[in-house]
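Reading through the structure tokens given below for one structure.
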Amino acid sequence: MPELPEVETVVRSVAAYITGQSIEAVTLSSHRVTRGDRDHTIQALVGSTISAVRRHGKQILIELDRGLLYIHLGMTGNLLWNASPGKYSRAVFTLKDGLLVYNDIRQFGRVEFYPETPPHLARVGPDALRIDFPSFFARLKKRQGAIKPLLLDQSILSGVGNIYADEALFAARIHPRTRAGRISQERALKLYRQLQATLKLAIQHRGSSISNHVDARGDPGQYQQMHAVYGRAGEPCLVCGSPIKRIVLGQRGTHYCPRCQRA
DNA sequence: TCAAATGTTTGATC
DNA sequence: GGATCAAACATTTG
């Protein structure tokens, strides 16, 4: 489910429910989602109090009075307030006033406890909404590969996934195969601005619900209705009418308009 | 039955 | 060492 706008939507909706509450009990049922010693993780969590819910890129950081709960939604993770646990519930937190339920069909997500900054954070680059243009441009400059896979590289920039990489490149009229290091400062600035504008607009629409993104209440986002290229292969470009193309780049489906985004 | 799916890590290759 | 690419992970859906 998750790219920056979806994760932000989940963080905002869940924060309103759980901030300030204490954790009274925890059930962890997936050794894939929760690595390591689960009993130890439960022991560390029970009795602590949630002080804040933050996001860095696609990572959710639930700050506790002692330590931190790290959640990554992977591809199919949901974080729901007061939902009934079901077949795909991989973690259930009993809080003072209700249940926080983590569901994840494919189990690509993570629910882990860390006493201090999780090691994952050291591996990821600046958040896509917080990076400034000079460092964005400097990071592009260094690379010679295609821009699309580079936008997906979380160590360069964190938060952008397959949908918003395609949408931002379309908005900036840049072909996904363009070599990153060869993009002029002017065009890079356009990409930077369009990327941030796309992410912010998507947050306003509470993210894209392509398969199973929902917020803490279980409500889907609406931004999928506004996609210009993602998932629109063969359909006419909203700007010029040419059929949207789908290729595979860096193992990911990549959608673009061959006329608006020339190589 | 096959392909594809919002992601990340790991290992191979150049 | 760095960059790049494919495979693997687990499950559903069209």
Side-chain angles (χ1 to χ4, degrees), chain A residues 1-11 29-36 55-60 70-79 86-90 102-112 118-125 127-128 139-169 176-182 195 198-199 202-203 205-215 220-234 246-255:
Chain A
M1 83 180 262
E3 297 186 37
L4 189 154
E6 290 75 37
V7 178
E8 179 67 20
T9 301
V10 169
V11 163
S29 46
S30 166
H31 61 85
R32 292 215 56 81
V33 168
T34 306
R35 307 286 173 97
R55 177 191 64 74
H56 183 97
K58 305 171 189 172
Q59 333 198 43
I60 299 173
Y70 166 87
I71 298 182
H72 194 298
L73 301 169
M75 292 274 265
T76 52
N78 290 140
L79 202 50
K87 185 179 171 189
Y88 300 117
S89 296
R90 314 297 183 182
Y102 178 76
N103 291 336
D104 190 347
I105 292 176
R106 290 170 75 175
Q107 304 180 86
F108 286 179
R110 292 286 183 278
V111 173
E112 290 168 339
H120 316 78
L121 275 188
R123 294 173 163 232
V124 303
D127 185 86
R139 280 157 194 262
L140 296 203
K141 266 285 177 206
K142 274 192 263 179
R143 297 295 207 100
Q144 22 217 341
I147 182 66
K148 159 76 188 276
L150 181 112
L151 290 175
L152 296 182
D153 185 340
Q154 304 297 298
S155 68
I156 299 288
L157 184 73
S158 66
V160 180
N162 208 32
I163 294 174
Y164 299 103
D166 282 0
E167 292 297 319
L169 286 171
R177 245 197 265 274
T178 308
R179 289 181 173 279
R182 296 208 195 143
L195 175 61
T198 302
L199 294 172
I203 291 170
H205 291 269
R206 308 181 68 77
S208 302
S209 290
I210 292 303
S211 71
N212 64 2
H213 157 67
V214 290
D215 67 13
Q222 299 302 321
Y223 194 71
Q224 67 280 3
Q225 295 170 18
M226 297 170 74
H227 291 171
V229 289
Y230 183 86
R232 297 193 64 243
R246 181 185 184 280
I247 59 172
V248 175
L249 238 190
Q251 297 180 286
R252 309 298 300 276
T254 296
H255 315 72

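To find a chain, count down the sequence lines: A is the first, B the second, and so on, and within it residues start at 1. Note that the structure is predicted; figures quoted are calculated from it, not measured.
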Legend entry - A/Y230 OH to B/dA4 P, straight-line distance once rounded to whole Å: 12 Å
Legend entry - Gap in Å between the two P atoms, one belonging to B/dA3 and one to C/dA6, rounded: 16 Å
Legend entry - Atom C1', compared across C/dT4 and B/dA5: separation rounded to whole Å: 23 Å
Inset, instruction - Mind checking ring pair (Phe, Tyr, Trp, His ring centres under 6.0 Å) for A/H227 and listing every partner two or more places apart, or none if nothing turns up? - result: A/Y223, A/Y230
Legend entry - Minimum heavy-atom distance between A/V214 and A/V10, given as atom pair plus value: O-CG2, 3.7 Å
Legend entry - A/D166 CG to B/dG7 P, straight-line distance once rounded to whole Å: 10 Å
Legend entry - Short side-chain to backbone donor-acceptor contact, A/N212 and A/N78, under 3.5 Å: no
Inset, instruction - Examine distances only and state if a side-chain atom of A/R32 and a backbone atom of A/T34 form a donor-acceptor pair shorter than 3.5 Å. - result: no
Inset, instruction - Examine distances only and state if a side-chain atom of A/R246 and a backbone atom of A/A233 form a donor-acceptor pair shorter than 3.5 Å. - result: no
Legend entry - Along DNA chain C (nearest heavy atom to each residue), the more 5'-positioned of A/R90 and A/K142: A/K142
Inset, instruction - Let me know the distance between CZ of A/R232 and P of B/dA4, rounded to the nearest Å. - result: 20 Å
Legend entry - Distance below 4.0 Å between A/H72 side-chain N/O and B/dG7 OP1 or OP2: no
Inset, instruction - Report the distance from atom CZ of A/R106 to atom C1' of B/dT9, rounded to the nearest whole Å. - result: 15 Å
Inset, instruction - Starting at atom NE2 of A/H120, determine the distance to atom C1' of B/dG7, rounded to an integer number of angstrom. - result: 13 Å
Legend entry - 5'-to-3' dot-bracket of DNA chain C (Watson-Crick, G-U; under 3.5 angstrom; crossing pairs as [ ]; | other strand): .||||||||.||||
Inset, instruction - Using a heavy-atom cut-off of under 4.0 Å over every strand shown, decide if A/Q107 touches base, sugar-phosphate, or nothing. - result: sugar-phosphate
Inset, instruction - Keeping the roles fixed (side chain from A/T178, backbone from A/I147), state whether a donor-acceptor pair exists under 3.5 Å. - result: no
Inset, instruction - Nearest whole angstrom, please: distance from the C1' of B/dA5 to the CG of A/N78. - result: 15 Å
Legend entry - Distance in angstrom units between A/R123 CZ and B/dT8 C1', rounded: 9 Å
Legend entry - Backbone of A/V160 reached by a side-chain donor or acceptor of A/K58 within 3.5 Å: yes
Legend entry - Between A/K148 and A/N162: side-chain donor-acceptor atoms closer than 3.5 Å: yes
Inset, instruction - Kindly say if A/R110 contacts the phosphate of B/dT8, meaning a side-chain N or O under 4.0 Å from OP1 or OP2. - result: no
Legend entry - 5'-most by nearest nucleotide on DNA chain B - A/T254 or A/Q154: A/T254
Legend entry - Check: A/V229 and A/L169 side chains under 4.5 Å, non-hydrogen atoms: no
Inset, instruction - Tell me, please, the opening and closing nucleotides of DNA chain C, 5' to 3', among those with an atom under 4.0 angstrom from a non-hydrogen atom of chain A. - result: C/dT4 to C/dT12
Legend entry - Side-chain donor-acceptor contact under 3.5 Å, A/S30 with A/Q107: yes
Inset, instruction - Under 4.0 Å between any heavy atoms, over every strand shown, what does A/I163 touch: base, sugar-phosphate, or nothing? Just pick one. - result: sugar-phosphate
Legend entry - Atom-to-atom span, CZ of A/R32 to P of B/dT9 - whole angstrom: 13 Å
